[in-house]
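Here's the structure we're looking at; comments come further down.
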Amino acid sequence: MSINVQTVQDIRGGSRFLQSVFSNDLSGGAVLSQETGGLPFHHPHRRLPIYLLSSLPHLFPLAVLGGVESRGVLRKISDMLEVILKRMDTLSKLDNSSSTDARRLDELSSAINRFQPAGLVEKIQAIAQNVSNMAIRVEQILQSSMMQGRAVRDGTTSQCEVPRDSRFPECPGKVDWMRARWTSDPCYAFYGVDGSDCSFLVYLSEVEWFCPPLAWRNQTSPPTQHTQQAKSPKRQAAFRTDLSVLLEQVGSGKESLSFMKRRIRRLAQQWATAANRLDVKLGQRWRDQKKILVHVGFLTEESGDVFSPKVLKGGPLGEMVQWADILTALHVLGHNLKISMSVKDLQGFLGVPPGRGSCPLTGPLPFDLIYTDYHGLQQMKQHMGLSLKKHKCHIRVIDTFGTEPAYNHEEYATLHGYRTNWGYWNLNPRQYMTMFPHTPDNSFMGFVSEELNETEKRSIQQNKVNNMAVVYGKEASMWKQGKDSFLEILHRYMEVHGTVYYETQRPPEVPPFVKNHGLLPQHELQQLLRKAKLFIGFGFPYEGPAPLEAIANGCIFLQPKFQPPHSSLNHEFFRGKPTSREVFSQHPYAEQYIGRPHVMTVDYNNSLEFDSAIKEIMKTKVEPFLPYEYTCEGMLERVHAYVQNQDFCVPEPPFVPTNFSRQGSAAAVRPNGPLFVPIPNSTALGWTSNVTAPTAWPPLSSLRLLVSQEGQSCVDACHSAGFICEPAHFRFINNKESLRGLEVQCEVVDSEINHILPAFSVLRRECGLQREPLLFSCAGHSPKYRRVCPCRDYRRGQVALCRDCL
């Protein structure tokens, strides 16, 4: 069926009329409303559909325009109308068209009849309002008509009928969506979509997976979603001590990058020494070299990058410290590293097709692992489209404060009030990696502090100034509100020093008795800490690296106790973060894992307690101390173990106790005796030696099974017993065997979706097992239930790893 020539002529005529009107106005002629108002409603020159004009760009505001401004706008409109006329000429020359095309053009024609006169400003507003659809509509009609004509000539029309296949129920709906929206993202054209049903079906069967393969197509190439990474030969990773390549990869142009590079250079010798030690410890063991992408999302311009401008103004540096150390650790371990600091780099490294992220990647993921942050994760979602779900098992999210399972599970978080601006990504919770080991549901990544040799330690102890204190607070705002009372007490006993940033004048918030050095470079801050006896915190920032650096330089760290503890329920800083964790002090790690005499936690509101603490500090002698897990060797050891052993892309089958037998018996035979047996000198149970343990990491030799008190989380229950909660072990204890071993009395055993399970109620004698593995949670607790907890042992000074984890 031919396109209605009269319709196209009507459209062309209306376009020429508007063009002439605008041209008249450009030369000082009558106003548009006057020109159109004098014409009868059925005049052919008025038959122009409003949405036909929407090819004009949104280049002008919708405010009232006047004088030169309005003439400039109208000139642009006139130019664009000329483009419309050329497109109409193309349409009118088409010889073949579907009935759908004719119907669409008739709709354009009928829309002309609804065209109402209006004033100049209103007309421009109407044009601008409809501007985004015109070009799309004309091109769709043009290309669809051409493709339909080609299909008729080539005899492929019948081959491109939309299939009705029960195996692909979404196919018809997806084709309809493509018909309406295929021009919404250039990536569809990149894959060959041209507006024809044939191209839709090819795309939906070969790039996406919603339609069945077309019989007439070459089927040698599988759909994109089934394309597997070609297994290249494994390469062995070798330790590196030369950091020059890494420094070049980090780049330049921002203060944040300069800060990171200075840190990498300063610690280079310590990384080299640590690499040699770990190499000896591992005994020439084979280590797979991984292809790793590191995308630092929070430093990209697209995320706003509020950090870089504050590097030299007292802004937070903790994230940059950690990222610098992650990059160095991965490089020193010998992996093939790519570093992205922009969305453009991210797209290039991933092979993202051009467009807005609606289409899958063009091929297999070119990386074994991707380290990023929440900002980077959002950028990956925007640009990877459907591919993110397929490849998200490769992602590791650097997450300072942690993400608990209840917040991570999107549907559960939405239904039960755990939905926040972060979280809800449905990752394995161990894919989130924290700065401190405060959330065992996540993996502890950490960072490093400078390690002193014995000569430096002796020098520090000899040169300590017993009455010198340094305040932890680089920004003047940290000195506001309620600090005067305890600072006055401190001033009675000690000389107080500050490192508060200022440009020209001393910050008025800093008391006059404080000797303020201004913001110091790292090496000068180190010298100050090596002289000081006390490093005192104000309660903020939470969990930064500075207290560990101070303790490593021989300071005692004094911090406030929080009563009640700070959390998302009562403190603005934690509100919206994907965790319910309660923080009882400014630096919980320092309090729990280091403690006295290096760390003292007191109530600053109790002047007697504070006064007594200062006196005790002045009497106490301490040596510089740094936990092993925050040395270069400790971090290398931990990152090595994660890279080589954590694999979230291999599905974990449900653990069925009856499938595991006694040693030497058939696998299908139920073992005699319990799977979990008492451990000598402990209240916990362990895996029995009579049954071969399934392969797992951490290995089941580390498992310590116990129960919590009512209202107690597994984090606290394990910690109080001297263990760490291990979420990887939940699947092995989420069964009746563990309940039987713990002698739990159950009248009812249900399987439910709840982040406190597995657990039981003593009062009601009800037991619950977990049905959703993503909700296995060390952090969950309830006043009505006692948790069944999978604890594990850990290496001295390395809580992230069990004794057998290396």
Side-chain angles (χ1 to χ4, degrees), residues 318-319 321-322 325-326 329 396-405 408 428-449 542-549 551-552 557 559 565 577-595 598-599 601 625-643 645-646 697-698 702 704 713-730 776-780 789-803 805-806:
E319 287 83 358
V321 164
Q322 187 179 33
D325 295 348
I326 291 169
R396 305 293 183 266
V397 182
I398 306 304
D399 175 19
T400 303
F401 294 98
T403 298
E404 294 176 1
N408 170 65
N428 186 310
R430 285 173 284 155
Q431 290 177 252
Y432 300 101
M433 312 191 90
T434 59
M435 184 171 276
F436 290 94
H438 45 58
T439 307
D441 291 304
N442 306 152
S443 299
F444 161 46
M445 172 57 77
F447 58 95
V448 304
S449 284
Y542 299 99
E543 300 177 308
L548 264 64
E549 294 174 351
I551 295 167
F557 177 51
Q559 64 173 345
K577 289 182 169 57
T579 176
S580 298
R581 184 165 62 101
E582 293 183 323
V583 177
F584 290 83
S585 62
Q586 180 176 358
H587 208 292
Y589 175 87
E591 180 183 9
Q592 295 176 15
Y593 289 94
I594 301 177
H598 301 280
V599 180
T601 307
F625 174 74
L626 180 62
Y628 173 75
E629 55 202 356
Y630 284 96
T631 65
C632 290
E633 183 181 350
M635 185 166 185
L636 283 178
E637 181 181 272
R638 186 168 59 251
V639 175
H640 152 74
Y642 288 151
V643 170
N645 295 288
Q646 285 187 335
W697 194 86
S702 66
R704 302 293 183 265
S713 71
C714 287
V715 176
D716 294 333
C718 294
H719 188 266
S720 63
F723 303 123
I724 297 292
C725 182
E726 178 49 67
H729 287 339
F730 264 116
F776 283 136
S777 173
C778 292
C789 298
C791 309
R792 65 160 168 82
D793 60 27
Y794 57 90
R795 300 171 68 84
R796 183 179 179 184
Q798 184 75 283
V799 297
L801 303 180
C802 69
R803 291 171 188 165
C805 277
L806 278 182

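- Judged as a salt bridge (Lys or Arg N to Asp or Glu O under 4.0 Å), and not counting sequence neighbours, D441 has no contacts.
- Under the rule for a salt bridge (Lys or Arg N to Asp or Glu O under 4.0 Å), the partners of E543 that lie at least two apart in sequence or sit in another chain are R581.
- Partners of E591 by side-chain hydrogen bond (donor to acceptor under 3.5 Å, both in side chains), not counting sequence neighbours, listed by chain and number: S585.
- S713 pairs by the side chain to side chain contact (heavy atoms under 4.5 Å, CB included) definition with V715, D716, H781, not counting sequence neighbours.
- Between L806 and E637, some side-chain heavy-atom pair lies under the 4.5 Å cut-off.
- M433 is not listed as a side-chain neighbour of D399, based on a closest heavy-atom distance of 4.5 Å or more.
- Listed by chain and number, the residues in a ring pair (Phe, Tyr, Trp, His ring centres under 6.0 Å) with Y794 amount to none (sequence neighbours excluded).
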Test log, rule side-chain contact (heavy atoms from CB on, under 4.5 Å), inputs C791 and E726: CA-CA 5 Å; C791 309; E726 178 49 67; over 6 Å; no
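- With sequence neighbours excluded, no residue forms a disulfide bond (SG atoms under 2.5 Å apart) with C632.
- Using cut-offs of 30° and 60° for the angle between ring planes, the Y589 and Y593 rings count as parallel.
- The side-chain hydrogen bond (donor to acceptor under 3.5 Å, both in side chains) search around Q592 returns none, not counting sequence neighbours.
- In terms of the side chain to side chain contact (heavy atoms under 4.5 Å, CB included) criterion, residue partners of S702 (sequence neighbours excluded) are, by chain and number, P698, H729, R792, D793, C802.
- Between C789 and C778, the two SG sulfurs stay at or beyond 2.5 Å from each other.
- In this structure F584 satisfies the side chain to side chain contact (heavy atoms under 4.5 Å, CB included) test together with P565, E582, sequence neighbours excluded.
- With sequence neighbours excluded, the residues satisfying side-chain hydrogen bond (donor to acceptor under 3.5 Å, both in side chains) with R638 are Q798.
- With sequence neighbours excluded, no residue satisfies side-chain hydrogen bond (donor to acceptor under 3.5 Å, both in side chains) with T631.
- Cys pair C725/C718: SG-SG separation is not below 2.5 Å.
- Not counting sequence neighbours, the partners of A552 by the side chain to side chain contact (heavy atoms under 4.5 Å, CB included) test are L626.
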